[in-house]
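Contents: one structure, followed by commentary.
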Amino acid sequence: MSAFGGSRGRAKGYVLVASGAFAMKKYVVLALRTALCSLARLYAALMRLWSLVLYVLRRQVRTIIQHQTVRYDILSLSPASRHRISQVSRKILVLDLDETLIHSHHDGMVRTMVRPGTPPDFILKVVIDKHPVRFFVHKRPHVDFFLEVVSQWFELVVFTASMEIYGSAVADRLDNNRGFLYRRYYRQHCTVEMGSYTKNLSAVHADLASIIILDNSPSAYRGHPDNAIPIKSWFSDPSDTALLNLLPMLDALRFTADVRSVLSRNLHQHRLW
Ligand SMILES: *[C@@H]1O[C@H](CO)[C@@H](O)[C@H](O)[C@H]1NC(C)=O
């Protein structure tokens with residue numbers, strides 16, 4: 001073998017190595033790209049899994065909050081209390097729905113107050129102007145317990161400024177065949193005053209001494225501030241306890257001769273929430 005041949009062989013070898021390196025580079029780039037693609041796919045899949053986990057978790061947490069044991073013992077009345085309550089008339093508690101007991105949004109709403117991914121407690125299908133509309137309804141925390149307790153103390157009345165077709169469906173779901181939300185007033189029973197719906201309590205009951213209204217909107221009870229219990233508007237806060245916090249006061253109000261003698265002292269609270 002001549003030295004020339006050997007060097008030619010080396011040169012050939014170099015070319016081979018060079019083209020091999022080129023192919024290798026192409027291969028590495030391709031492999032990298034493939035790896036990146038599958039990484040991105042893996043990431044997307046992981047994110048989907050994570051949001052599913054969050055969804056389930058949130059649902060779980062909400063269920064726990066809704067059904068956590070609340071200690072508010074309904075004690076049987078003492079003879080003195082029984083005597084007292086026999087002397088006053090059974091009172092009426094008027095309940096607003098939206099942002100007091102529930103919050104809902106419907107199809108096609110661009111912005112909602114509910115955190116994305118929070119599942120509704122129930123969905124209502126309502127036909128409005130011949131268009132089917134789905135309402136996603138979220139229950140205020142403790143609403144079931146609240147209704148169960150106060151229905152033993154008061155005659156309950158639903159008074160909502162919403163349309164009857166929607167309001168009656170919500171009331172039906174909250175009532176859940178327990179039968180204590182059967183008296184209902186809707187938008188057509190409201191009076192429009194200064195551009196907002198006002199609820200005329202005299203239409204519900206003639207004796208204003210024994211009627212209480214629970215409403216997040218002060219304009220709703222503009223005509224009856226001394227009958228009102230203000231409550232903060234609720235949209236989505238899962239740790240809200242406003243309904244629970246009202247139980248002691250409502251428990252006591254049963255015994256008063258005239259609810260206005262107590263609730264008129266609440267006036268400093270009557271600001272627009
Ligand atoms: C409220 O209702 C009562 C009884 O139905 C009625 O006499 C009164 O005029 C109403 N008030 C308003 C402001 O509509």
Side-chain angles (χ1 to χ4, degrees), residues 85-104 126 128-129 135 140 143 146-147 149-175 178-234 242-243 246 249-273:
I85 214 152
S86 71
Q87 304 226 300
V88 293
S89 57
R90 186 171 162 88
K91 296 181 177 61
I92 295 172
L93 178 60
V94 176
L95 298 167
D96 172 51
L97 295 179
D98 289 290
E99 283 77 61
T100 299
L101 299 185
I102 58 121
H103 171 70
S104 75
V126 175
I128 295 173
D129 293 336
F135 284 90
R140 191 173 197 147
V143 66
F146 175 82
L147 291 175
V149 173
V150 296
S151 64
Q152 298 170 45
W153 299 339
F154 300 98
E155 181 193 335
L156 302 184
V157 171
V158 169
F159 205 147
T160 171
S162 295
M163 282 185 288
E164 175 163 357
I165 192 154
Y166 160 82
S168 64
V170 172
D172 281 342
R173 290 302 286 263
L174 289 178
D175 185 83
R178 289 178 287 187
F180 47 56
L181 293 180
Y182 61 88
R183 254 187 94 185
R184 300 165 186 180
Y185 295 81
Y186 306 103
R187 180 170 296 178
Q188 67 266 31
H189 304 108
C190 292
T191 358
V192 181
E193 250 176 67
M194 289 154 69
S196 58
Y197 292 108
T198 302
K199 298 169 184 177
N200 181 2
L201 296 185
S202 304
V204 176
H205 192 59
D207 180 15
L208 288 176
S210 57
I211 183 162
I212 303 163
I213 178 169
L214 177 63
D215 205 307
N216 69 299
S217 164
S219 54
Y221 49 77
R222 187 181 288 125
H224 311 280
D226 294 351
N227 294 85
I229 299 179
I231 186 168
K232 197 177 168 188
S233 298
W234 180 80
L243 291 173
L246 288 175
M249 177 159 83
L250 287 168
D251 197 352
L253 275 174
R254 300 188 282 155
F255 297 92
T256 60
D258 187 337
V259 296
R260 293 168 296 184
S261 66
V262 176
L263 295 180
S264 60
R265 297 160 194 243
N266 238 348
L267 284 176
H268 64 282
Q269 287 191 42
H270 290 249
R271 54 198 162 88
L272 287 161
W273 294 102

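Counting convention: from 1, in listed order, for ligands and their atoms alike. Each residue takes its place number in the sequence, starting with 1.
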Quiz prompt | Polar side-chain atom of Arg183 near backbone of Val204 as donor-acceptor pair, under 3.5 Å | solution = yes

Quiz item: When you look at CZ of Phe255, are more than 12 heavy atoms from neighbouring residues, nucleotides or ligands closer to it than 6.0 Å?
Solution: yes

Practice problem: Identify, for atom 5 (O) of ligand 1, the protein heavy atom at the shortest distance, and state residue, atom and that distance. | Solution: Ala203 CA, 4.0 Å

Quiz item: Considering only protein heavy atoms, which is closest to atom 4 (C) of ligand 1, and at what distance to one decimal place?
Solution: Ser202 O, 3.9 Å

Practice problem: Could you check atom 8 (C) of ligand 1 against the protein and tell me its nearest heavy-atom contact, residue, atom and distance included? | Solution: Asn200 ND2, 3.7 Å

Practice problem: Report the C-alpha separation of Thr160 and Thr100 in whole Å, then their side-chain angles, then the decisive distance to 0.1 Å, and conclude whether the side chain to side chain contact (heavy atoms under 4.5 Å, CB included) test is met. | Solution: CA-CA 10 Å; Thr160 171; Thr100 299; over 6 Å; no

Practice problem: Would you check if the side chain of Lys91 reaches a backbone N or O of Arg254 as a donor-acceptor pair within less than 3.5 Å? | Solution: yes

